[in-house]
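All heavy atoms count here, side chains included; hydrogens, waters and symmetry mates do not.
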Amino acid sequence: MRVRPKFEAALEAARQIKAHAPHCRVIFTVYEMKRLGRDSAELTALADHLTAHGIALEMLAGPLTGIYDPTGTGRVLFAFFAAMAETERENIREATLEGLNAAARKGNHGGRPPVITDDMLHTVLRRRANGESLEDIRLDLIIPTGKRKGRNPSLASIYRALNEHEKRQAHPEAAGQAHTDFATLHPSTGHD
């Protein structure tokens, strides 16, 4: 089960209020059911826990807006919508993984764009071969995208790009094997 300190603190506060004022109605409010738990078992267990402590559950949005009635039809509807929330979460997860795999097959592996582009690396290699210092070269390079767009890259970024370039040059078979291994692990399924 996930560690949710704020949720646990809110739950403890509701239990404490109910314990100190048992005659008062205590309502535990969540935005929607799927924010309460990840799967139907967790949702049902939390709803039962609240009911056992005399605390009402209220949902502000979703299919069961209002205060949850743990008896009769309310319990059946809660179980149904808890199962639907779990199914929806699983479908979103599967669609996300499928999208990431499709992007990876096209060569997009997510993450930040590289600070040092291939053109910039070519410039660094050419000018360095002519004897220029990396500091002088760095001042003429401009980052084309990302949050540092329009600024000069750091020396660390240049050194990192040079190091990766040297590894690719020294071990071209390793880079080729890595691409082959990736293609084997992530075969194209035709869902592009």
Pairs involving residues 18-31, ordered by first then second residue, that meet side-chain hydrogen bond (donor to acceptor under 3.5 Å, both in side chains) (sequence neighbours left out): T29-E58
Inter- and intrachain pairs under side-chain hydrogen bond (donor to acceptor under 3.5 Å, both in side chains), touching residues 113-123, at least two apart: none
Return the minimal non-hydrogen interatomic distance between [X] and [Y], and the atom names on each side.
| X | Y | value |
| --- | --- | --- |
| P153 | V115 | CB-CG1, 3.7 Å |
| L162 | R128 | CD1-NH1, 3.0 Å |
| A47 | L57 | CB-CD2, 4.4 Å |
| I158 | I116 | CG1-CD1, 3.8 Å |
| A61 | E32 | O-CB, 3.4 Å |

Any residue meeting side-chain contact (heavy atoms from CB on, under 4.5 Å) with [X], in chain and number order, not counting sequence neighbours:
| X | value |
| --- | --- |
| T145 | P113 |
| T51 | Y68, P70 |
| L97 | R93 |
| Y159 | L134, L155 |

Partners meeting salt bridge (Lys or Arg N to Asp or Glu O under 4.0 Å) with E132 (sequence neighbours left out): R127
Evaluation steps, side chain to side chain contact (heavy atoms under 4.5 Å, CB included), between N152 and I142: CA-CA 5 Å; N152 303 110; I142 305 296; 4.0 Å; yes
R138 side chain to S154 backbone, donor-acceptor under 3.5 Å: no
Donor-acceptor under 3.5 Å (R160 side chain, E164 main chain): no
Value rounded to 0.5 Å, distance of CZ in R148 from OG in S157: 6.5 Å
Spatial distance of atom CE (M84) from atom CG (L77) [nearest 0.5 Å]: 12.5 Å
Pairs satisfying ring-ring contact (aromatic ring centres under 6.0 Å, His included), at least one member in residues 32-54, at least two apart: H49-H53
Ring pair (Phe, Tyr, Trp, His ring centres under 6.0 Å) involving F81 - partner list, sequence neighbours excluded: none
Treat each ILVMFWY residue as a node, draw an edge where side-chain heavy atoms are under 4.5 Å apart, and state whether [X] and [Y] are in one component.
| X | Y | answer |
| --- | --- | --- |
| L43 | I67 | no |
| I17 | L11 | yes |
| I137 | L125 | yes |

Which residues pass the side chain to side chain donor-acceptor pair (under 3.5 Å) test with [X], not counting sequence neighbours?
| X | result |
| --- | --- |
| N163 | none |
| T96 | none |
| Q16 | E12 |

Verdict with supporting geometry, F7 and L46, side chain to side chain contact (heavy atoms under 4.5 Å, CB included): CA-CA 11 Å; F7 173 79; L46 286 167; 3.9 Å; yes
